[in-house]
Amino acid sequence: VSIDNKEGALQLNQYKLLDNIGQGSYGIVKLVYNEEDETHYAMKILSKKKLMKKAGVFGRMIPGKKGSANPLAKVYREIALLKKLDHPNVVKLVEVLDDPDEDNLYLVFELVQRGEILQVPTDKPLDEETARKNFRDIVMGVEYLHYQRIVHRDIKPSNLLVDSDGRIKIADLGVSTELRACGELLSGPTGTPAFAAPETTMPGVHYSGTLCDIWSMGVTLYCLVTGRIPWDGTGSTIGVQAAIRNEPLKFPEKPVISKDLRDLISRMLNKNPLERITLSEIKEHIWLTN
Ligand SMILES: COc1ccc(C(=O)/C=C\Nc2cc(OC)c(C(=O)O)cc2Cl)cc1
């Protein structure tokens with residue numbers, strides 16, 4: 001990876017780095033221009049040190065442990081997984097730039113022109129017709145991921161990108177977990193608290209990753225049509241987790257949400273994962289088939 005500073009813009013191999021277009025706990029996403037194919041891309045810049053900490057390795061082998069298992073092995077496995085994915089409603093990873101001597105890892109994605117679907121909170125939520133079109137794409141994208149035995153674990157509006165033709169692509173599989181062959185039970189909190197299912201906040205409880213994605217899709221759909229999150233528990237993580245576990249779902253007076261949509265969202269936000277609506281039932285729901 002050669003980095004040089006042509007006319008002030010940072011250059012990485014054939015990519016000219018331009019504006020910052022995304023920011024999150026993961027790092028940053030930059031608009032880049034590929035001089036070879038004269039095309040813009042989105043480049044996600046990750047720090048290997050940060051990834052190792054998240055992967056639970058403290059950057060050096062535990063003394064006495066045999067072998068030199070690469071602490072980034074998990075990360076490289078996830079990236080290999082990402083490269084295999086190919087679906088119109090999932091962001092496309094096209095290239096990974098990795099300089100062994102450098103801390104940064106560069107993931108180059110196809111640019112999804114219009115960016116995030118919605119900032120939450122907003123006083124301009126989507127109308128139901130638009131939300132229905134977008135939600136159909138989200139369902140297809142999640143169905144594809146679950147079919148590939150991947151749970152996303154962080155579905156939320158900022159991870160839903162709108163393409164130039166108005167179609168939705170799901171992004172940030174970074175925290176996704178390839179379902180272990182031995183079934184899909186997971187434990188511990190992940191993703192974003194306001195979008196996390198109640199069962200992920202119970203210590204020691206094992207839960208189904210796919211049913212958690214359904215919950216997050218429900219919170220996301222609620223956001224798209226109301227412009228707000230359903231439970232905000234005065235902003236603290238503990239507060240929002242308690243609210244999610246104990247407070248019933250409430251819809252605001254305005255904007256008015258149709259009976260069918262309220263029914264669908266309520267079934268996705270069933271606090272009991274075993275009673276929660278499944279993906280195939282969502283696809284049959286009257287609000288989506290209307
Ligand atoms: C206004 O125009 C805009 C056009 C595109 C964007 C944009 O792309 C933003 C984030 N992008 C991404 C984030 C990801 O994770 C968090 C991942 C991933 O890790 O899968 C991939 C992508 Cl692409 C923003 C504004």
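Numbering of residues begins at 1 and proceeds along the displayed sequence. Read the numbers this way: they start at 1 and go in the same order the structure lists the ligands and their atoms.
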Novice: At the 4.0 Å heavy-atom cut-off, does Lys169 count as touching ligand 1?
Specialist: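 Under 4.0 Å: no for Lys169.
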Novice: Examine distances only and state if a side-chain atom of Asp213 and a backbone atom of Ile155 form a donor-acceptor pair shorter than 3.5 Å.
Specialist: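 No.
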Novice: I need the contact type for Glu116 against ligand 1. Using non-hydrogen atoms and a strict under-4.0 Å cut-off, is it side chain, backbone, both or neither?
Specialist: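 It is neither; nothing of Glu116 touches ligand 1.
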Novice: Working to the nearest 0.5 angstrom, can you tell me the gap between Arg167 CZ and Asp137 CG?
Specialist: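 The distance works out to 4.0 Å.
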Novice: Which option out of Leu31, Leu161, Asn159 puts a heavy atom nearest to atom 11 (N) of ligand 1?
Specialist: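 Result: the heavy atom closest to atom 11 (N) of ligand 1 is in Leu161.
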Novice: What distance do Arg153 atom CZ and Asp172 atom CG have between them, rounded to the nearest 0.5 Å?
Specialist: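 Rounded to the nearest 0.5 Å, the CZ-CG separation comes to 12.5 Å.
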Novice: Knowing that exactly one of Asp163, Thr39, Val32, Ile21 qualifies, which makes a side chain to side chain contact (heavy atoms under 4.5 Å, CB included) with Leu111?
Specialist: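 For Leu111, the side chain to side chain contact (heavy atoms under 4.5 Å, CB included) check succeeds only for Ile21.
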Novice: Nearest heavy atom to atom 4 (C) of ligand 1: which of Val90, Leu93, Val112 does it belong to?
Specialist: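 Of the listed residues, Val112 has the closest heavy atom.
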Novice: Please report the shortest heavy-atom distance between Val240 and Pro193, naming the atom on each side.
Specialist: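 Distance-wise, the nearest heavy atoms are CG1-CB, 3.7 Å.
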Novice: Do Glu110 and ligand 1 have an N or O pair less than 3.5 Å apart?
Specialist: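 In this structure, Glu110 places no N or O atom under 3.5 Å from an N or O of ligand 1.
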Novice: For the pair Asp263 and Arg267, find out whether any cationic side-chain nitrogen is under 4.0 Å from an anionic carboxylate oxygen.
Specialist: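 Salt bridge flag = yes for Arg267 with Asp263.
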Novice: Any atoms of ligand 1 less than 4.0 Å from a non-hydrogen atom of Val91? List them with their elements.
Specialist: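 By the 4.0 Å cutoff, the relevant atoms are 20 (O).
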Novice: For atom 12 (C) of ligand 1, state which one of Leu111, Leu107, Val29 supplies the nearest heavy atom.
Specialist: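 Heavy atom nearest to atom 12 (C) of ligand 1 belongs to Val29.
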Novice: Which of the numbered atoms in ligand 1 are below 4.0 angstrom from a heavy atom of Tyr26?
Specialist: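 Selected atoms, number and element: 16 (C).
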Novice: Do Gln11 side-chain atoms and Asn13 backbone N/O form a donor-acceptor pair below 3.5 Å?
Specialist: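 Yes, because the side chain of Gln11 sits within donor-acceptor range (under 3.5 Å) of the backbone of Asn13.
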Novice: Should Asp172 be counted as touching ligand 1, given the test is an N or O pair under 3.5 Å?
Specialist: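 Among all N and O atoms of Asp172, at least one is under 3.5 Å from an N or O of ligand 1.
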